Amino acid sequence: MTDCIFCKIVAGEIPSTEVMSSERTLAFRDIKPALPSHILVIPREHIQSADTLTPQHAATLAEMFDTAQKVARQEGLSERGYRLVFNVGDDAQNSVPHLHMHVVGGRPMEWPPG
Ligand code: AMP
């Protein structure tokens, strides 16, 4: 996708603060962190959102969760806990149409979200 901001980050055309990289995924710091630790894990391939996932994406999705676990450990979040979030659509305030998992933590969080 030529006009996708996260595809441009994958291609190195837009800078990002990389946290972790794997064959199918990339993890980088959110430009506007909502919590002390806020990392985005994305697939290198363009997938629109969690709403368009199919069984064909199974390996990519598994690798996204593997990367998220490693990121959480690296950030020191595993013991106290963290949240993994996929926003889908307008009501969830999804703003970037390239699948991404928010890995957030570093302080106690509210539930349910507002
Ligand atoms: P969402 O609202 O779930 O679509 O999340 C998109 C996230 O991407 C937001 O938290 C933004 O702050 C973040 N974001 C947008 N542009 C960039 C960028 N260039 N580098 C890092 N994070 C970004």
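Fair warning: this is a prediction, and the values are worked out from it, not measured in the lab. Counting starts at 1 for both ligands and their atoms, following the listed order. Residue numbers count from 1 along this sequence.
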*Is the backbone of Ser22 close enough, under 3.5 Å, to the side chain of Arg44 for a donor and an acceptor to pair up by distance?*
yes

_Tell me whether His46 contacts the main-chain N or O of Phe6 through its side chain, where contact means a donor paired with an acceptor under 3.5 Å._
no

*With sequence neighbours left out, write down each residue that passes side-chain contact (heavy atoms from CB on, under 4.5 Å) with Val85, or none if nothing qualifies.*
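Arg83, Asn87, His102.
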
*Check side-chain contact (heavy atoms from CB on, under 4.5 Å) between Asp66 and all other residues, then give those that pass, not counting sequence neighbours.*
Gln69, Lys70

*Tell me the residues surrounding ligand 1, counting only those with a heavy atom closer than 4.0 angstrom, sorted by chain and number.*
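Contacts of ligand 1 under 4.0 Å: Ile5, Phe6, Ile9, Phe28, Arg29, Asp30, Ile31, Lys32, Leu40, Asn87, Gln93, Asn94, Ser95, Val96, His100, His102.
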
*Under the salt bridge (Lys or Arg N to Asp or Glu O under 4.0 Å) rule, what pairs show up with a residue in residues 10-33, not counting sequence neighbours?*
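Output for this query lists Arg24-Glu63, Arg29-Glu75.
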
*Do the side chains of Ile42 and Thr25 get nearer than 4.5 Å, heavy atoms only?*
no

